[in-house]
Amino acid sequence: MDQRAESPEEAACRKEEEERRARERQEEEEAKCLEKFEGAEPLEAAELLAFTDSMLPGCSQLLDELPDTVYRVCDLIMTAIKRNGAAYRDSVLKQVVKQVWEAADVLIKAALPLTTSGHQNRVRVDQPNGHFASSFQLGHSDPSAHPPL
């Protein structure tokens with residue numbers, strides 16, 4: 001049997017050939033997928049609107065589980081905003097602010113027992129430069145109950 005060692009040049013050529021074949025297979029698969037969707041009917045406007053109106057909780061869950069998808073999720077949200085207009089944008093922003101507020105409220109309530117000052121109902125929030133920024137009254141989950149910062 002002829003079992004000679006493969007030279008580095010031969011190994012590099014073989015690897016390039018394998019990569020080329022893999023790319024060709026991937027391109028063929030992508031072309032087949034595109035053919036399937038070329039004949040597909042576009043979604044009804046009502047169906048698309050129902051999706052965009054209910055997609056934010058799914059996007060949040062996806063980001064919690066797969067943080068690397070943040071750019072794709074942002075692209076999806078921005079596309080929906082461009083399609084649906086300013087009222088939809090405002091609605092999405094309100095939902096995001098509400099989620100952030102609720103999460104912050106949970107953290108503030110959890111930190112309350114750790115405070116050593118005599119203020120049991122208020123938590124002081126300082127800016128990074130040490131200047132007093134604002135304080136929050138604990139026990140409220142509704143962001144509209146607090147003045148804007």
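Because the structure is predicted, anything quoted here is derived from the model rather than measured. Heavy-atom basis, side chains included; hydrogens, waters and symmetry copies ignored.
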**Q** Are I77 and L43 linked, directly or through other ILVMFWY residues, by side chains that come within less than 4.5 angstrom of each other?
**A**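 No, I77 does not connect to L43 through the hydrophobic network.
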**Q** How long is the gap from CD1 on I81 to OG1 on T52, to the nearest 0.5 Å?
**A**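 OG1 of T52 is found 10.5 Å from CD1 of I81.
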**Q** Is there a path of hydrophobic side-chain contacts, each under 4.5 Å between heavy atoms, that joins L76 and M78?
**A**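 Yes: a chain of side-chain contacts under 4.5 Å links L76 to M78.
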**Q** Among L62, L63, D68, V70, which residue satisfies the side chain to side chain contact (heavy atoms under 4.5 Å, CB included) criterion with L66?
**A**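 Of the listed residues L62, L63, D68, V70, the side chain to side chain contact (heavy atoms under 4.5 Å, CB included) partner of L66 is L62.
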**Q** Under the 3.5 angstrom rule, does the side chain of S54 hit a backbone N or O of A50 as a donor-acceptor pair?
**A**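 Between the backbone of A50 and the side chain of S54 there is a qualifying donor-acceptor contact (under 3.5 Å).
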**Q** Once rounded to the nearest 0.5 Å, what's the spacing between atom CG of L48 and atom CE of M55?
**A**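 These two atoms lie 9.5 Å from each other.
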**Q** Do the side chains of R20 and E24 get close enough for a salt bridge, i.e. N-O under 4.0 angstrom?
**A**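 Between E24 and R20 there is a salt bridge, with a charged N closer than 4.0 Å to a carboxylate O.
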**Q** Which atoms form the tightest heavy-atom contact between A45 and R83, and what is the distance?
**A**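 Distance-wise, the nearest heavy atoms are O-NH2, 3.9 Å.
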**Q** Is a donor from one side chain sitting under 3.5 angstrom from an acceptor on the other, for E65 and Q61?
**A**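 Note: E65 and Q61 side chains meet the donor-acceptor criterion.
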**Q** With a 4.5 Å heavy-atom cut-off, do L93 and R89 have their side chains touching?
**A**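 The answer is yes, as the side chains (C-beta and beyond) meet within the 4.5 Å cut-off.
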**Q** Within the supplied structure, the quantity of interest is the number of heavy atoms (other residues, nucleotides, ligands) at a distance under 6.0 Å from E30 CD; does it exceed 12?
**A**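 Enclosed: over 12 neighbouring heavy atoms sit under 6.0 Å from CD of E30.
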**Q** Between E29 (side chain) and Q26 (backbone), is there a donor-acceptor pair under 3.5 Å?
**A**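 Not confirmed, E29 side chain does not pair with Q26 backbone.
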**Q** Would you confirm whether T69, through its side chain, and R72, through its main-chain N or O, come within 3.5 Å as a donor-acceptor pair?
**A**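 No; zero donor-acceptor contacts below 3.5 Å.
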**Q** Does the side chain of Y88 reach to within under 4.5 Å of the side chain of D53, using non-hydrogen atoms?
**A**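 A side-chain contact under 4.5 Å exists here.
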**Q** Run the salt bridge (charged side-chain N to carboxylate O under 4.0 Å, His left out) test on R21 and E17 for me, step by step, so that the C-alpha distance in whole Å, both residues' side-chain angles and the decisive distance to 0.1 Å come before the verdict.
**A** CA-CA 6 Å; R21 287 183 188 143; E17 182 65 23; 3.4 Å; yes
**Q** Flag the pair K109 and D105 as a salt bridge only when some basic side-chain nitrogen lies within less than 4.0 angstrom of an acidic carboxylate oxygen.
**A**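 So K109 pairs with D105 through a salt bridge.
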**Q** Working to the nearest 0.5 Å, report the span between CD of E18 and CZ of R14.
**A**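 Rounded to the nearest 0.5 Å, the CD-CZ separation comes out at 5.0 Å.
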**Q** Considering only heavy atoms from C-beta outward, does the side chain of V92 approach that of N84 to under 4.5 Å?
**A**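 No, side chains not in contact.
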